[in-house]
Structure formats: C-alpha cells, structure tokens
Amino acid sequence: MNSTNEAQWTPHTPQRDFVELEEDVSGSPLWNRDLAPTTIRERTWSTWNIAALWIGMSVVITTYTLAGGFIEQGMNWWQALVTILLGNTVVLIPMILNAHAGTRYGVSFPVLCRASFGTRGANVPAVLRAVVACGWFGIQTWIGGTALDALFGRVWGGWDALAGGAQVMGIALHTWAGFFLFWGIQVFIIVKGIEGIKHLETWAAPLLLAGGAALLAWAAWRAGGLGRVLAESSALQKEHNNFWALFPGALTASVGYWATLSLNIPDFTRYARSQRSQMQGQALGLPLTMTAFAFIGVAVTSATLLIYGRAIPDPVALMREFDSVAVILFATAVIFAAQLTTNMAANVVSPSNDFSNLNPRLISYVTGGLITALIGVLMMPWKLMGSVGSYIFTWLLGYSALMGAIGGIMICDYWVLRRQRLDLADLFRPGGRYSYTNGFNWRALIAFAAAVAPVVPGFLRAASTPNFSGRLPDPTLSDTLYTYAWFVTFGIGFFVYYVLMNGHPSLKGDGPAPAAVAGAAGERGAA
C-alpha cells in the first residue's frame, strides 16, 4: 500500500507514535479503500475538529430531554445534571483508550476488532454496534422530520391538511412527509464521505452553541429569571422516588448514551493529528457539552410551565408556540443542524464501516450508509421514543450491556495483553495471526457471552414491564445486575477474556515499536 519514507513527511507530520502500513495488502478479501488504514497525510483532524465533532453530536434533542426524563422519574434538577456529568466522565475513559489505536495505527473499529475477535469474528461486535446505530439513526431522523413538519405547518396553512388529514399507522401523512424528506437529505449527504462530515461538524458547532444559549436566555427572560425557572423544575416530577434508588439505572443510562461511540471512536480518531488532539478534543467536547445542553433542556422545560402553564419537554412542540416566522426558521435551522450533525457522525460512520466489514469487496462505505438508512426506518423509531421509560431504562440500558462487554474485551486485548502493539498487515490477512480458528477467536466470543448472560433476565423483565421507570417491585439479583448493565458486562468481559487469552501465541511478536515503523521522534501540536 503506502510506504513510510522521508519524502512523505511534512514539517507538521507527527512521526512518533504513528504507524503507517508499508505492505501492499490491497489484494486481500478483507481490504477495501474505506477500511484501509489512513496514511499519515490523511491524519489532519485537530483538537478543534475532534471537539466540534462532540459538540455536534451532543447538542441534540435526545440530550435536551435526557435530564428531564430523570427529573420526571423523581430526581431534582441538580441531581439529574450531576448524574449526566458523572456518566459522561466515566464513558470518556474507555472512549480515549479505544481512540488510541485509531490514532496510532489509522484503523477503524471493525478492523481493530479483528485483533480480539478474529478476522471473521469481528463481524459479531461490528454488526451489534451497527444495529444499535441504525436504531439511533431512525430516532434522530424521526425527530428531525417532525421539526420540518412543524416548520411547514407554520409557514403554510395547508400543510397540516395534506391528503385530507389522512393517517398511516396512526401518524398523519404530513408528518411522514417531513420524516422522509429529512431522511432523503441525509441519504444525499452520505455519499459525500467522512471528510464532508468533518466540515459539517466544524461549521455547525458554533450555530448549535449559539442556538442553545439563545433558547436559555429567552426562557430565563420570559419566565422571570433563571432562579425562578429552576425552582419550578420540581413540578416536572411525576414520580417521587428516592434518588439513590434511581441513581444506578440513571448513571448506567448516561454511560450507555455514548457506550456505542466508546467502541467505534477509532472511526474518527484514525484521522487525528496526534494522541493529544484526540484526548483534548474529546475531554473538551463531550462531558461539558452534554451536561450544559441537558441543563438547557431542564431550564427551558421548567420555564414553559411558567410561560404557557404546562410543561413542553419537546423543543419541536415548543417551536410551534412561537408566533414569529423568523424565530421559527432559526429554531428549525438549529434543530435541523443538531439532528443532522449527530446522525451523520454518530449513526452513519460506524455502521457504514461495520456493514462494509461483512464483505469488503462488495460493500463500500456508501453502500453501508444506505443500508443503515434503510434499516433505521424499518426499526420504527416512533415506537422506540414512545415513552421516557422505554427510551432511558430499556433502550439505553439494554444496549449498554452489549457495548460494555465488547469494550471490556477490546481494552483488555489492546492495552493489557498486546500493550498497544498490533501487526497492521496481519489485520488484513485471512491466514494471519488474527485469523485464530477459521477467522474466529472463540475466547472472545465466550467472554462476550459470559458477560452478557447475567443481565439478560433483568433486561427481559424490564422490556416486558409496561412503562418501566427503572425500578421494579421486589427486584431480584438479575434486576440489580441489569441496573448496572454496562459496568457488569465490561468487568466480566475484561476478566474472562484475560483469563482465556493470556499467553496465547498470537500475542507474541505483535508489530514493531511505533518509532521503528514511523521514523524519528516528534509530534505535531494539537491545534
């Protein structure tokens, strides 16, 4: 493929801690251009690009409503925000650890999974991650579509009477029209590739921050001050559960919110300029943005109680209350940008690579993205968002169990057993050290199954409980384990994989030290 030599380096190229593939493996059935490791020249994302990525993904309606969901179940406003901040700080740790391999070796998530799960076994975690992303793609598309529906309804009086007010599956045709219009816009963007997403996130981040600040300022002004607004937040509580009874499930849900990205973050950091860029960008962009926007959601929802006499937790529904078309247009632009940036980054990049990994010769990044968009519709996102309980305590907690197990195995493999050394060429060789037994590492699969098994009974009980709010009467041990799903599966996956894999022959002689491959020392600054 690409050789590393003096002529390729520029004064701004980080050479220490970077590895570039020297051998031509393009003839391998495990290779295509989208899955190939990035070259050093392609690693251009700065600290701001990484931070903007997280701002774009965090400023989204599901973040806006997250703290409100916790308050509805019985927390007060500051307890909800501390829980969200803590959860995002916790998930930042595996995020940075998994990001390291992407930055050092230029590999994507499914390719990195080959080291632990095998060249074919990597499809197991990749497809599980992809299915979750498809569900999120559908949810964010549904919200963006309803925003367009609200806009058209305000600027054109005949929009809501479209097709005589007919309904399909209990949903008005004009709402379906807004949904599929937003879906089509995203499909168009998918074909632009990853570099287009970088620019989209960079330019959208200031708009999203300005929109959130403007909304908070408006709410405080109309409701008589921020102090009064926060005092009113207690009226949002529909339940009055003890904080410590809610905290474990809420914390796990907060971790689970980004548990998916904690796995596939190499899909982005493979383009980072340096380890410092990816670490600083993520630390600056994730926990504080998530907490700040969740705070805006709580404050504005509380303010609507004072302004309109009822709580309006959905910003799309709130937008319908405004009289000014200019304000509605600005609000729509912010919501549109929020949903678009989140979907294009968080819910398209990873499944596109994951589906491509199933058959690299037949499925490209673009094809994988189109598959994602189609499955996202088939998963019926309007049902996933049906209630706060199903969203937070079934959807977020449920898939966090899967993501935790995979994360524990990956981190144990890369950081503890391999000590950050990989053989890049063998990741693309069907008969290399990562092929294990017919392409599957049964040790990783057993560790995954052992990690998930203890939380399955709790998940089934939660999923079958109508309006589940995170707490079941007379909880069993399995219910308690499910409440801590991500933590439980991460720990078990890590431990079982270590026991089964320690001393395995594939761990010996993994790639040479990065400095020997990438050349002399020196690292570009993060900016």
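Keep in mind it's a predicted model, so treat the numbers as computed, not measured.
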If only side-chain N and O atoms count, and only distance matters, is there a donor-acceptor pair under 3.5 Å linking N49 with S46?
yes
What's the separation between atom OG1 in T146 and atom CZ in F182, rounded to the nearest 0.5 Å?
9.5 Å
Exactly one of F487, W486, Y484 should register a side chain to side chain contact (heavy atoms under 4.5 Å, CB included) with S400. Which one does?
W486
Using the rule given for side chain to side chain contact (heavy atoms under 4.5 Å, CB included), can you reason through R129 versus Y399, listing the C-alpha separation, both sets of side-chain angles and the distance that settles it, and then say yes or no?
CA-CA 9 Å; R129 168 65 182 95; Y399 78 65; over 6 Å; no
Shortest non-hydrogen separation from S364 to N32 and the atoms involved:
CA-ND2, 4.5 Å
With no hydrogens and no angle check, do the side chains of S274 and S277 hold a donor and an acceptor under 3.5 Å apart?
yes
For N502, does the CG atom have more than 12 heavy-atom neighbours from other residues, nucleotides or ligands under 6.0 Å away?
yes
The reported gap from CZ in F355 to CG in L370 (rounded to nearest 0.5 angstrom) is 11.5 Å
Within a reach of under 6.0 Å around CZ of F495, are more than 12 heavy atoms found that belong to other residues, nucleotides or ligands?
no
Return the CZ to OG distance between F428 and S26, rounded to the nearest 0.5 Å.
11.0 Å
Is there a donor in the side chain of R270 and an acceptor in the side chain of T38, or the other way round, less than 3.5 Å apart?
no
P430 and side chain to side chain contact (heavy atoms under 4.5 Å, CB included): which single residue from L30, T119, N438 fits?
L30
Carefully, step by step, assess V60 and Q339 under the rule side chain to side chain contact (heavy atoms under 4.5 Å, CB included).
CA-CA 6 Å; V60 66; Q339 302 310 118; 3.2 Å; yes
Side chains of Y365 and S352: does their closest heavy-atom pair fall under 4.5 Å?
yes
Does the cation-pi check pass for R43 over F18, that is, NZ or CZ under 6.0 Å from the six-membered ring centre and within 45° of its axis?
yes
Value for CG (L288) from CH2 (W54), rounded to nearest 0.5 Å, stands at 13.5 Å
Under 3.5 Å, is there a donor on one side chain and an acceptor on the other for R114 and N357?
yes
If the plane angle is over 60° it's perpendicular, under 30° parallel, otherwise tilted; pick one for W45 and F268.
tilted
Among D267, N123, L358, N264, the one residue meeting side chain to side chain contact (heavy atoms under 4.5 Å, CB included) with P110:
D267
Any donor-acceptor pair under 3.5 Å linking the side-chain atoms of N343 with those of Q140?
no
Once rounded to the nearest 0.5 Å, what's the spacing between atom CD1 of I50 and atom OG1 of T103?
7.0 Å
Gap separating the CD1 atom of I190 from the CZ atom of F137, nearest 0.5 angstrom:
5.0 Å
